[in-house]
Amino acid sequence: MSLNKKSVDDINVKGQRVLCRCDFNVPLKEGKITDENRLVAALPTIKKLIADGGKVILCSHLGKVKTEEDKKTKTLAPVAVRLSELLGQEVKFVAEPEVVGPKVREAVAAMKDGEVILLENTRFRPEETKNGEAFSKDLASICDVFVNDAFGTAHRAHCSNVGVAGLVDTAVVGYLMQKEIDFLGNAVENPVRPFVAILGGAKVADKLNVISNLLEKCDTLIIGGGMAYTFLKAKGYEIGKSLVDESKIDYCKEMMEKAEKLGKKLLLPVDSVMIDDFPNPIDAPVETEIFDADKMSADKEGCDIGPKTIELYADAVKTAKTVVWNGPMGVFENPTLAAGTKAVAAALAETDATTIIGGGDSAAAVNQLGYGSKMSHISTGGGASLEFLEGKELPGVAAANDK
Ligand SMILES: Nc1ncnc2c1ncn2[C@@H]1O[C@H](COP(=O)(O)OP(=O)(O)O)[C@@H](O)[C@H]1O
Ligand SMILES: O=C(OP(=O)(O)O)[C@H](O)COP(=O)(O)O
C-alpha cells in the first residue's frame, strides 16, 4: 500500500475546526503516564496545526473500555496535563459522558485560532469500536477538517478514525502516519538488501500469519521468542512446556518448505534457555539450564534463546542492510531471561543497516536497554505495523482522501 494520501501539508486550516485523531493509548500506572513515546510522536502534527491557525480538537482512545470502572481509570485527563507541558500551551480537557455533547459543542464554539482542546476517551461511547453512525456523526459535526495521525490504531475501523473520515469533505493524514507508512513501506517494498526480518514475542497466532508474506520479501527470516517453539515442534523436537500453537504446526512445516523453495534463510534457535516454571511475578529469580534445540527437556519451559543462537542471530544481522524486528527473543522482563533480547538489540545498534522496531514490548525493550536512539525507526504501532508488513490495507489510512 503506498501512501498517496492528502496530508496536513496539502490543506489550509486557518480558522478551521480541525479534529485530529491521535493514538494517545499510553501505559498508565496509578494515573501516571509511564511511557510518553506516543505523545511525543504526535507533537509535530499538533504543532503544525497550531502554527497554521487551526482550532485544534484532539481525540483518542485509551485502553479497552468494558466496564463502568474503566470509565474512571481510563480517562484521558493525565494526557491533557502532559500534552500542555510538552506543547507549552494549554490543552483544555473537555470531558462529558457522551464524549461529544453540549459541553464540547460550547467549548468548540468558543475556540480561538491556535487553541487546543482534548476530548474524553472515544471508547466511552460504545458505538466507537463498532464504527456506529451516531458517534461518527457527532464527531463530524464539530469539525470542518479531519486529520488522522493515529498510526497505532490504523488497523482498526472505528468511528474516530474511519467513520468520521467518510462524513467530512476533507480527511487527511498527519506527519506521524506519513512517517510510519514511509518507513515501513520502503522497508518491505524497496529494501536495501540483505533484508533481515526478526520475529519473536508471545502473540504466536497473530505473528505466525505474517511469516508467509515476509518470506517472499526478506532474504533472511529469524525466529525467536515464544513463537520459535511451534517451529521446533514442527521439526519433531521435544519442546517441553514451552509456548506452542498446536493448530499451526502444519503451517510451520509449510513455511520451512516455502523458505527452502524460495532459497531464503529461515533461522530457528539451535539452543534454548529453559526454566522449571514461568516466574510469578515475572521478574522473580529463576534457575536456568541451557539445552540444544533437539535435546530440550520434557519438563521445562523455553524462555530465551541460548548462547549459540545468540551468536548465530548476531552474525546474520551483521551484514544486513535492512532489519525489521518485532517481538522480544525471550521473557526479557526477567533479567535472567533477557540475554537474547539484549544481544539482538545490541547487534542492531551496531549495524549500519536501516533498523525498524515494531511492537510495544520490543520498543520498550530497546528503550529500556538504552538503544532507542541507535535505531532508525521505532514504530508507535504494534498490531498496525504487523498488519502493514503482512501487506494488508490499513482501514485508518484507506479512509483518508487520495491526493
Ligand atoms: N519463550 C517465551 N515464552 C513465553 N513468553 C515469551 C517468550 N519470549 C518472549 N515472551 C514474551 O513475549 C512478550 C511480548 O510479546 P508480544 O506482545 O508478541 O511482543 P510485542 O509487544 O513486541 O509485539 C513479552 O512479554 C515476553 O515476556
Ligand atoms: O496500543 C495499540 O495497539 P498495539 O498494542 O498493537 O500497539 C493501539 O492503540 C490500538 O489499541 P487496541 O489494540 O486496543 O485497539
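Computed from a predicted model, the values in this text were never measured in an experiment. All ligand and atom numbering here is 1-based and tracks the order in the structure.
Counting non-hydrogen atoms of other residues, nucleotides and ligands closer than 6.0 Å to NZ of Lys6 gives a total of 12 or fewer. Under a cut-off of 6.0 angstrom, the local environment of NZ in Lys179 is sparse, with at most 12 non-hydrogen atoms contributed by other residues, nucleotides or ligands.
Ligand-side atoms of ligand 2 in range of Gly382: 4 (P), 6 (O), 7 (O), range being under 4.0 angstrom from any heavy atom. Every atom of ligand 2 is numbered from 1 in the order shown, and the set under 4.0 Å from a heavy atom of Arg123 is 12 (P), 14 (O), 15 (O). Taking a cut-off of under 4.0 Å to the non-hydrogen atoms of Asn25, the atoms of ligand 2 that pass are 1 (O), 2 (C), 8 (C), 9 (O), 11 (O). Near Arg156, the atoms of ligand 2 lying under 4.0 angstrom from a non-hydrogen atom of the residue are 12 (P), 13 (O), 15 (O). For ligand 2, the atoms closer than 4.0 angstrom to any heavy atom of Lys64 are 12 (P), 13 (O), 14 (O), 15 (O). Each of the atoms 8 (C), 9 (O) of ligand 2 lies under 4.0 Å from some heavy atom of Asp23.
Of all the heavy atoms of Glu387, none lies under 4.0 Å from any atom of ligand 2, so neither backbone nor side chain is involved. The side chain of Asn326, and not its backbone, has at least one atom closer than 4.0 Å to an atom of ligand 1 (non-hydrogen atoms only; side chain from C-beta on). Contacts of His158 with ligand 2, taken as heavy-atom pairs under 4.0 Å, are absent altogether.
Put simply, no part of Gly382 is less than 4.0 Å from ligand 1, judged by heavy atoms.
An N or O contact shorter than 3.5 Å is missing between Glu301 and ligand 1 by distance. Residue Lys203 has at least one nitrogen or oxygen atom sitting less than 3.5 Å from a nitrogen or oxygen atom of ligand 1, judged on distance alone.
Among all protein heavy atoms, the one lying closest to atom 15 (O) of ligand 1 is Ala202 N, 2.9 Å. Looking only at protein heavy atoms, the nearest one to atom 3 (N) of ligand 1 is Gly302 O, 3.8 Å. When hydrogens are left out, the protein atom nearest atom 19 (O) of ligand 1 is Lys207 NZ, 3.2 Å; that is the closest non-hydrogen contact. Nearest protein heavy-atom contact of atom 26 (C) of ligand 1 is Glu333 OE1, 3.5 Å. For atom 6 (C) of ligand 1, the closest heavy atom belonging to the protein is Val331 CG2, 3.7 Å.
When all heavy atoms are compared, the tightest approach of Phe24 to Ala42 is CE2-CB, 3.8 Å.
Interatomic distance, Glu387 CD to Arg156 CZ, rounded to the nearest 0.5 Å: 7.0 Å.
In this comparison of Ala338, Ala363, Gly330, the heavy atom closest to atom 10 (N) of ligand 1 sits on Gly330.
The presence of a protein heavy atom under 4.0 Å from atom 14 (O) of ligand 2 is confirmed.
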